[in-house]
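Naming convention: chains lettered A, B, ... in sequence-line order (proteins, then strands); numbering from 1 in each chain.
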There are 2 protein chains.
Amino acid sequence: MAKTDTKTKILDAAERLFAQKGFDAVSLRNIIEAAKVNLAAVHYHFGSKQTLLHAVVSRRLRPVNEERLAMLAEARAKAGKRKLKLEMVLESLFVPVFRAQASHKSGGSFTRLIGRVVFDRNTELQKFMVSELAQVIIQFSRAFDEALPGLNKTEMDWRSHFMAGAMAHTLCNADLLASFTGTDAGAEGCEATVQRLVEFTAAGFRAKVSTPPRKQKSS
Amino acid sequence: MAKTDTKTKILDAAERLFAQKGFDAVSLRNIIEAAKVNLAAVHYHFGSKQTLLHAVVSRRLRPVNEERLAMLAEARAKAGKRKLKLEMVLESLFVPVFRAQASHKSGGSFTRLIGRVVFDRNTELQKFMVSELAQVIIQFSRAFDEALPGLNKTEMDWRSHFMAGAMAHTLCNADLLASFTGTDAGAEGCEATVQRLVEFTAAGFRAKVSTPPRKQKSS
DNA sequence: CATTTATTCAAACGACTGTTTGAAACAGCC
DNA sequence: GGCTGTTTCAAACAGTCGTTTGAATAAATG
């Protein structure tokens with residue numbers, strides 16, 4: 001393993017650059033220059049720039065999603081017949097993706113990439129992301145329903161939406177916080193960040209509903 | 001006013017396209033085709049693509065920010081010597097930008113653009129946005145401090161960060177909610193959406209702080 | 001009116017884009 | 001050795017990009 005695989009070199013460089021500047025703003029020539037490989041190698045190994053992006057995302061996101069589902073299953077097992085704890089569901093969703101930042105030597109670029117991808121308006125990419133996240137979305141929306149019985153569906157959808165926004169923004173723009181407020185995002189471990197995010201979103205989920213549901217069927 | 005101003009035609013087309021596909025993904029030729037003007041007109045009136053983007057953003061954001069500050073001032077006046085109400089601060093921040101969507105004939109494109117801009121990693125654009133938002137940031141972070149006395153600064157910064165993420169995501173990806181959950185974002189007026197967002201973020205701001213502040217000076 | 005100023009237009013600029021090609025270098029195996 | 005399939009490489013492809021140019025037109029001013 002002295003000489004790193006070309007495929008890996010491309011993935012690493014692409015991951016870093018996509019996260020830094022975004023998908024459109026990075027050219028294949030930027031990538032192959034950073035990876036010190038030939039231009040054609042990209043198409044030989046990945047077929048196209050779009051497919052390369054898919055590979056970059058998938059490489060990191062797949063294990064994260066597996067861990068998410070595993071943590072959720074564990075939370076379910078621990079709850080037993082009792083009601084699922086909202087905080088544990090949120091932690092199962094946040095911890096794997098935030099931990100991937102610290103653990104992997106990717107230097108924090110990966111989480112920024114994931115956060116960015118959520119907000120990128122690339123039709124192809126969005127279809128791909130939906131397919132990658134399908135299981136996670138299904139399982140977790142069920143878990144939220146279990147953890148918050150009585151909350152009507154519309155309200156649940158919106159609050160999940162808000163929660164996703166807070167998560168994505170935190171992943172994507174951790175440095176913005178530093179520049180705006182002076183608070184250093186990386187000063188404390190990602191556990192502390194996750195803890196703060198869990199508290200914030202859990203409280204949001206549990207907020208008293210004041211909006212009168214005009215036409216609502218479910219409870 | 002039978003023949004619309006060329007400058008306005010460009011701004012309108014650019015706003016719609018930028019919001020739909022993003023800054024990098026839209027070419028000047030896409031814009032001038034939609035606006036039915038000559039290519040050189042863009043550089044004649046705006047100087048560059050980057051400056052055009054600034055103009056597009058500024059045209060809508062400036063009145064929004066003025067209204068934000070006005071609403072905040074009114075909330076302060078109404079509070080008198082009493083403590084500023086958190087919900088009113090949040091409403092002052094949300095209502096103008098969400099209402100701009102419904103009121104303006106831009107067809108909802110503007111809010112998506114603003115939401116997108118927050119997440120775009122364009123150095124030039126970020127500097128511009130910081131300068132445009134400077135007053136709003138200063139005034140509102142002061143207001144949050146007044147509405148939530150006792151919350152330490154670090155926690156306040158993080159929660160503002162989460163709140164901004166929820167807001168931006170809602171502005172930018174209202175249609176995502178529909179595709180994922182089936183809940184139609186536009187079904188109810190923007191007032192209802194703002195109301196939900198206020199409830200969610202207000203609860204998040206008020207959440208009990210469990211994270212022990214390791215090294216903290218302020219209260 | 002003429003003359004200046006502001007605006008529009010078609011055409012081209014050089015640089016950069018993702019992708020393809022076909023030959024060279026390399027590996028492993030008989 | 002020769003032969004097979006895989007991987008690398010330089011070069012070129014056909015476009016698109018933001019921007020510039022200089023002449024043609026419209027509007028405004030004297």
query = How are the rings of B/Phe205 and B/Phe144 set to each other: parallel, tilted or perpendicular (split at 30° and 60°)?
reply = parallel

request  = Classify the ring geometry between B/Trp158 and B/His161 as parallel (under 30°), tilted (30 to 60°) or perpendicular (over 60°).
outcome  = perpendicular

Tell me: [atom1] of [X] to [atom2] of [N], nearest whole Å?
{"X": "B/Asp5", "N": "D/dA26", "atom1": "CG", "atom2": "C1'", "value": "14 Å"}
{"X": "A/His43", "N": "D/dA10", "atom1": "NE2", "atom2": "C1'", "value": "16 Å"}
{"X": "B/Lys49", "N": "D/dT16", "atom1": "NZ", "atom2": "P", "value": "15 Å"}
{"X": "A/Ile10", "N": "D/dT8", "atom1": "CD1", "atom2": "C1'", "value": "11 Å"}
{"X": "B/Asn30", "N": "D/dC17", "atom1": "CG", "atom2": "C1'", "value": "11 Å"}
{"X": "B/Glu33", "N": "D/dC17", "atom1": "CD", "atom2": "C1'", "value": "15 Å"}
{"X": "A/Phe46", "N": "D/dT7", "atom1": "CZ", "atom2": "P", "value": "12 Å"}
{"X": "B/Ile31", "N": "D/dG18", "atom1": "CD1", "atom2": "P", "value": "8 Å"}

message = Under a plain distance cut-off of 3.5 Å, with no hydrogens placed, do A/Arg68 and A/Asn65 share a side-chain donor-acceptor pair?
response = yes

ask   = Without hydrogens or angle criteria, can the side chains of B/Ser27 and B/Asn30 be said to hold a donor-acceptor pair below 3.5 Å?
value = yes

Phosphate oxygens OP1/OP2 of [N]: is one of them under 4.0 Å from a side-chain N or O of [X]?
{"X": "B/Thr6", "N": "C/dT7", "answer": "no"}
{"X": "B/Asn38", "N": "C/dA10", "answer": "yes"}
{"X": "B/Ser27", "N": "D/dC17", "answer": "yes"}

ask   = Between A/Arg29 and A/Tyr44, which is nearer to the 5' end of DNA chain D once each is assigned its nearest nucleotide?
value = A/Tyr44

ask   = Nearest nucleotide by nearest heavy atom, which residue falls closer to the 5' end of DNA chain D, A/His45 or A/Leu39?
value = A/His45

inquiry  = By the definition salt bridge (charged side-chain N to carboxylate O under 4.0 Å, His left out), identify the one residue from B/Lys21, B/Lys9, B/Arg59 that meets it with B/Glu15.
reply    = B/Arg59

inquiry  = Once pairs are restricted to Watson-Crick or G-U wobble with both distances under 3.5 Å, how does DNA chain C read as a dot-bracket string, [ ] for crossings and | for other-strand pairs?
reply    = ||||||.|||||||||||||||||.|..||

message = Show the nearest heavy-atom pair for residues A/Glu124 and A/His54, with the distance to one decimal.
response = O-NE2, 4.2 Å

query = Taking the nucleotide of DNA chain C with the closest heavy atom to each, which residue, A/Ala40 or A/Leu28, is nearer the 5' end?
reply = A/Leu28

A/His169 ring center within less than 6.0 Å of B/His169 ring center = no

